[in-house]
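Every chain is numbered from 1, with letters handed out A, B, ... down the list of sequences. Just so it is clear, the model here is predicted, and its values are computed rather than measured.
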Amino acid sequence: MGFKVLIVEDSRTSREFIAAAVEAVPGIEAVTTSSGFEALRLLPRHRFDLIITDINMPDINGLELINFVKKNPNYRDTPLFIITTEGREQDRDRGMALGAAEYLVKPFQPASLEGLVRRYLKLA
Amino acid sequence: MNQGGKALSEFVAEATEILDTLNKDLLTLDERRGQEVDPELVNGIFRAAHSLKGLAGLFGQDRIARLAHGMEDLLDRLRLGKLVLDDTALDSLVEALDVLQALLVDASRGETSTAQSARVEALVEGFSRLGAPAAPGEEDPLDRLELDPQVRAVFTEYEEHRLRENVRRGVSLWRVRADFDLSDFDKGLAELNSRLKPVGEIISTLPSAQPSSASGIAFDLIFGSKVTGPELAKAVEGTLAQLAPLALRPPGRGSAPAKARPPAPVAPAALPAPEAPAALARTAASAPAAPSEPRAPSTRRAGSRKGKASRAAPPPEPEPEVEVPPPARAVPSVRAAQGVPETPPPELMAEAGSTGPRVDFDTSLRSLTQTVRVDIRRLDGLMNTVGELLLIKANLQRMVEGARQEGTLVLSKAWVQELGRETRQLERKLDALQSGLLEARMVPVGQVFDKLARLVRRIAREAGKEIDFISSGGEVELDKLIVEELSDPLMHIIRNALDHGVESPQVRVAAGKPRRAIVSLRAEQKGNHVVIEVSDDGSGIDEHRVREVALQKALITEAQAAEMSRRELLNLIFLPGFSTARSVSELSGRGVGLDVVKNNISNLSGLIDVWSERGRGTAFHLTLPLTLAIIRALVVGVSGRTYAVPLNSVLEILAVQPKDIRTVERREVLDLRGQTLPLTRLARMFGLPERPIPRSFVVVVGLAQERMGIAVDELFGQQDIVTKPLGGRLQAVRGISGATDLGNRRTVLVLDVAALMEEGIGPERRWA
């Protein structure tokens, strides 16, 4: 038991929304950050079971984070979801091409994220 | 998500922050009209609109989401160079911001006003038709750049566009590589960024996927340099950065050779709309040394966006031998790419439909939130102080224990000394805690200035006046409460300036003045006060006309008028019932006079004053205390009663004898260093019995440039007080601002110095 999920999203409210949706699954701890830089720092310190990231962020963009995760032998097997908004199909597609497992388009229902989380963490 | 008021207030708080940022950036953009547009600025505005859209979507705020989406779409085309920013586009962005503010007010009250909905639709409709299409380029310049496709695959559409722009302009491009320690790489990067920014544009910051060491991390910055190689090297001297130029083939013959690449591999199953990037990444893996790159997918998409006027002619395609999957037009199972955002599911809907007073946003610029953003260092400081207080408490506890064990009688001198020391420590720390908390309440007055600046622009446009709005001193800090209360009075004064002060361009030119008028808003801290000046270089106030009106309305007598100085005459405009407007104008005609403004300022323990010269302009000065929460007061005694005088208005204290006081024109005055100081006796004012005493004190008080002496019998010292408002009928007593508890369970009245000065000096202001 005890899964750790990293959430990278610069909007505070969205971040908390995502964290709440993820933590609705028992046994999951959400680690949240507003910046890609902070995410780079958190990665080696924890063993994450899942990463959820926004694309449009101020310091490094989500694609760069995905690339970093997916090219790094320590993290590349960790499933990664991207959160996007409408109209950003190119960025989303690039994220998927870089190895993201799933994407969610804002606004989404907490239940759909919860379902994906359960599926990827192989929880009932 | 929880659906209660908490969620809604969180939404409002974050949306307010986003709108503040938008406001600031749009203003900057506005100020630089006609200049070359800063791409970073446009991108920042785009990001803000984007965040707002996402946020509003989460909370089921459809109208905000829809408008933000329209803005985002327009800004996206701007930042990607598909449109050129013109005046119409800028004006409609500014207007959209106004509507967003109004919508947020609606949202915070759970309302949906139809007027705003119509504005949203009109704006969104307008956005889609806006903007002059940018000239299409002939060849995608990115194809000429020798760049690892793997690097290119992680660029966002925007980064790719910026890179393209830099190539197009012939800027030299560099890869700047730097290794940092994982613990402080952000500092290192910030340092590197600050060196690079003055000499070019940082297009992308890529963390290197190869782990350099367990505790290290490498970054590649893609940088467009405005300076030569040696100059760039000099700019990063002393950092760990390594420079490598990105080679560029000459234009025109780019795509012919070496374009062959393996057929696009099958995209992952999860990808609903397979596009070039997937292919790119894989191509790179199988052919790492590809001498040139395939076209970026973004240029193809430029022509494929649906239904927008921006359907700029796509750049000519390269020869068709390159196999590129068709651009995705529809995305199955997810929201449609463009168009109206769908209604969020019911569980995401915030409460709607509750009632509440409808507030026109124009009538108030007050914040919707009660929150104050506090620098974490300030909170750390407070925590430290609390820690020290706990230490003192522990010491005192120990002393109590000691005393208990030794019995009640023998308290040594050393013990008493220690107690004294601890008490002094306690006092110092409590002082620090108090001033720390006061600081945490402080916010920059610029928060209001920014909002006003936008409004000024709009009002001026509507009134056909041409103005330049200048604000300064926005960084000066005031108590949050005061800043909030300031917005309405300031707006009123500015409306007056635009309406009555500033002339039309034609009149100005005829009078030999510059066509554009200047309206300025300045804040400056002076000791314990902040002075805010609102000035214009308009027609000024006609004091003869003021005098005429005041006489007509019997606000003053002929005799009084005859004695009044120019400045005294001007200050008559603050009297209730005074208004010189010959016709009620659309702008200021709200039945609210400057007397209301003056009351607002007085409620903040402030003073308002006016200067004006015919033909040259008008300036209002607002003098305000830094904070209202806790003030230091001088405790005085008059006829056996005790009063507190706010110390921030006390200038000095004089000991006087009865012979020092003269009577001039039935008023008592005092000579103070060659100047005549009007004197007020509290006993007389409050109808207390006066006792003859041989020696009394005069507390000299001052606000702005006014001075007055208050005669008191006794001085008891200084103390920190928290003023509580008086209820009921006592509220109307002039000269008293409230009551306070002095700690020994004695409640005393706090003097309202501003009101006392008005009474003492008189409405006609003899002391000028």
Side-chain angles (χ1 to χ4, degrees), chain A residues 9-14 16-17 20-21 35-38 40-41 43-45 54-74 76 83-111, chain B residues 1-2 10-11 14 47 50-51 53-55 57-60 65 69 72-73 76 150 153-157 159 182-183 185-186 189 204-211 214-215 217 267-268 270-271 273-275 277-281 297-298 301 328 331 334-338 341 344-345 347-348:
Chain A
E9 158 73 73
D10 60 333
S11 155
R12 181 182 62 227
T13 316
S14 297
E16 280 161 17
F17 176 84
S35 94
F37 281 171
E38 192 55 32
L40 293 179
R41 229 200 304 268
L43 280 168
R45 284 204 232 136
D54 189 16
I55 297 283
N56 207 309
M57 293 186 296
D59 40 29
I60 61 165
N61 73 51
L63 297 180
E64 287 158 354
L65 181 66
I66 300 169
N67 189 51
F68 178 83
V69 167
K70 289 295 159 187
K71 296 281 160 57
N72 191 308
N74 296 329
R76 69 173 161 226
I83 307 275
T84 67
T85 38
E86 297 165 57
R88 309 248 60 81
E89 283 70 27
Q90 180 191 313
D91 293 343
R92 178 203 67 205
D93 294 348
R94 288 194 174 189
M96 296 304 284
L98 287 169
E102 295 285 347
Y103 66 89
L104 285 136
V105 182
K106 281 192 242 178
F108 55 85
Q109 297 191 39
Chain B
M1 169 163 290
N2 93 39
E10 277 169 15
F11 164 72
E14 189 170 356
R47 281 181 43 76
H50 174 81
S51 307
K53 183 184 77 171
L55 183 70
L58 277 180
F59 282 87
H69 180 85
E72 182 199 4
D73 204 63
D76 194 30
Q150 272 186 287
V154 299
F155 284 160
T156 59
E157 196 177 355
E159 287 168 341
L182 199 55
S183 61
F185 68 84
D186 46 351
L189 269 177
S204 184
T205 303
L206 306 136
S208 167
Q210 274 70 46
S215 66
I217 187 162
L271 185 62
E275 258 207 85
L280 278 178
S298 69
R301 291 189 57 80
V331 181
V334 284
R335 297 274 147 77
Q338 272 91 15
E347 65 262 43
L348 286 178

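Annotation: side chain of B:L189 is in contact with side chain of A:F37 (closest heavy-atom distance under 4.5 Å). In this structure, A:D10 and B:R47 have side chains that are in contact, with non-hydrogen atoms separated by less than 4.5 Å. Residues B:L206 and A:N67 fail the side-chain proximity criterion, which asks for heavy atoms closer than 4.5 Å. Inter-residue side-chain proximity for B:E14 and A:E16 is flagged as unmet; no heavy-atom pair is nearer than 4.5 Å. Residues A:F68 and B:V154 have side chains not in contact (no heavy-atom distance under 4.5 Å, counting atoms from C-beta outward).
Shown here for B:E157 and A:D91, the closest heavy-atom pair between the two residues is N-OD1, 2.9 Å. When every heavy atom of A:I60 is checked against every heavy atom of B:T205, the shortest pair comes out as CG2-O, 3.4 Å.
Here A:S14 contributes atom OG and B:F59 contributes atom CZ; the two are 8.0 Å apart, rounded to the nearest 0.5 Å. Annotation: the span from B:T156 atom OG1 to A:M57 atom CE amounts to 11.0 Å, rounded to 0.5 Å. With values rounded to the nearest 0.5 angstrom, B:S51 atom OG is found 8.0 Å from A:D54 atom CG. Residue A:S11 holds its OG atom at 13.0 Å from NZ of B:K53, rounded to the nearest 0.5 Å.
Using a distance-only test at 3.5 Å, with no hydrogens or angles considered, a donor-acceptor pair links the side chain of A:R94 to the main chain of B:F155.
In this structure, A:R41 satisfies the cation-pi test against B:F185, with its NZ or CZ atom closer than 6.0 Å to the six-membered ring centre and inside 45 degrees of the ring normal.
A:N56 touches chain B through backbone and side chain together, each having a heavy atom under 4.5 Å away.
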